[in-house]
J.: 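Structure below; questions to follow.
Both counts, for ligands and for their atoms, begin at 1 and track the order of listing. The first residue of the sequence shown is numbered 1, and numbering continues consecutively from there. In this text, all values refer to a predicted model and were calculated from it rather than measured experimentally. Just so you know, these numbers use all the heavy atoms, side chains as well, and skip hydrogens, waters and symmetry mates.
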Amino acid sequence: MRIALITGASSGLGKEFAKQIPRLYKGLDELWAVARRTERLKKLEQESPIPVRIFDGDLNRDYIYERIGKELEKQSADIRMLVNAAGFGKMGKFEDIPLADQLSMVDLNCRGLTKMTGICLPYLSRGSRILNVASAAAFSPQPGFAVYAAGKAYVYRFSTALRTELVSRGIMVTAVCPGPVDTEFFQVSGELPGAFKSGFRKTAPEVVKTALRDAVRGRAVSVCGGSMKAARLGAKMVPEPLLAYLMGRANQIR
Ligand SMILES: NC(=O)c1ccc[n+]([C@@H]2O[C@H](COP(=O)([O-])OP(=O)(O)OC[C@H]3O[C@@H](n4cnc5c(N)ncnc54)[C@H](OP(=O)(O)O)[C@@H]3O)[C@@H](O)[C@H]2O)c1
């Protein structure tokens with residue numbers, strides 16, 4: 001059974017991947033959609049042109065991985081595309097955000113993504129693709145968004161390293177690194193400060209279209225839009241302490 005497995009499929013980028021992937025990849029038998037909100041996934045099922053298998057569960061708990069692992073084995077799944085999109089952020093100074101929230105962010109954004117990748121890897125084969133949703137926040141230290149940005153740097157580095165390891169198996173890995181995108185993300189994270197608020201925002205369809213195009217081309221990193229491409233380049237040229245200072249100013253951290 002040829003499938004695409006998408007985490008975070010109930011909202012934002014994950015939901016948009018669930019929309020665009022069946023249009024792009026003909027011959028998929030099923031879409032496997034993972035998130036906590038069952039009703040949202042049922043709605044996705046009704047709207048999808050191909051059958052959707054729902055995995056409603058919390059990716060910060062072990063049972064969901066066990067369910068998915070068993071089903072992959074039972075169906076002898078051939079994962080053509082794995083999209084790790086589930087994630088969240090919390091803005092503010094480290095000392096002002098409850099430690100439990102910070103750790104939950106690390107668990108989902110880093111541990112969860114790694115675990116899902118590990119469980120799925122035996123079911124990926126030549127021509128399969130992994131898209132790991134990192135962020136442009138991965139490019140620099142971010143006072144005011146410290147744990148989130150550090151976690152996304154992990155996703156970015158993990159993805160580019162894994163890509164090299166998987167070359168011999170013909171499996172492509174792309175780290176998707178968008179700047180701000182109009183999704184429900186900011187309802188959880190809090191609103192962006194100052195210049196980031198409106199200036200650089202993209203829509204989920206734009207970001208996902210770019211990501212899928214880049215994945216098809218076998219690119220290691222997908223960055224949507226000129227301003228975020230410039231930010232990536234700039235971050236490589238500025239010394240780390242200065243970068244942290246500048247990002248702190250941009251995030252209005254004193
Ligand atoms: N929006 C942006 O500006 C932006 C920019 C760069 C990168 N990103 C990254 O893009 C990815 C998608 O975010 P988004 O913008 O699409 O935000 P979103 O609309 O809030 O979607 C987040 C998704 O993650 C799922 N999720 C959250 N916690 C979960 C948990 N414990 N278990 C299972 N699923 C969970 C949510 O589903 P349920 O609530 O139903 O569980 C939802 O489907 C994230 O990794 C985010 O860090 C976003």
J.: Does a donor on one side chain and an acceptor on the other come within less than 3.5 Å for R219 and T174?
T.: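 On atom types as modelled, these side chains do not qualify, holding no pair under 3.5 Å.
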J.: Using a strict cut-off of less than 4.0 Å between a Lys/Arg side-chain nitrogen and an Asp/Glu carboxylate oxygen, indicate whether E47 and K43 qualify as a salt bridge.
T.: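 Counted as a salt bridge, because a side-chain N and a carboxylate O are separated by less than 4.0 Å.
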J.: How many angstroms lie between atom CD1 of I3 and atom CD1 of I21, to the nearest 0.5 angstrom?
T.: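 With rounding to 0.5 Å, CD1 (I3) is 11.0 Å from CD1 (I21).
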J.: Distance under 4.0 Å, heavy atoms only, partner ligand 1: which residues pass?
T.: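 If the criterion is a heavy atom under 4.0 Å, then ligand 1 touches G8, A9, S10, S11, G12, L13, A35, R36, R37, G57, D58, L59, A85, A86, G87, L108, V133, A134, S135, Y148, K152, P178, G179, P180, V181, T183, E184, F185, F186.
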J.: Restricting to ring pair (Phe, Tyr, Trp, His ring centres under 6.0 Å), what partner residues turn up for Y156, sequence neighbours left out?
T.: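 With sequence neighbours excluded, Y156 shows a ring pair (Phe, Tyr, Trp, His ring centres under 6.0 Å) to F139, given in chain and number order.
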J.: Verify the ring-centre separation between F55 and Y65: is it less than 6.0 angstrom?
T.: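 They do not qualify: ring centres at least 6.0 Å apart.
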J.: So, are R201 and D182 salt-bridged, with charged N and O less than 4.0 Å apart?
T.: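 A salt bridge links R201 with D182.
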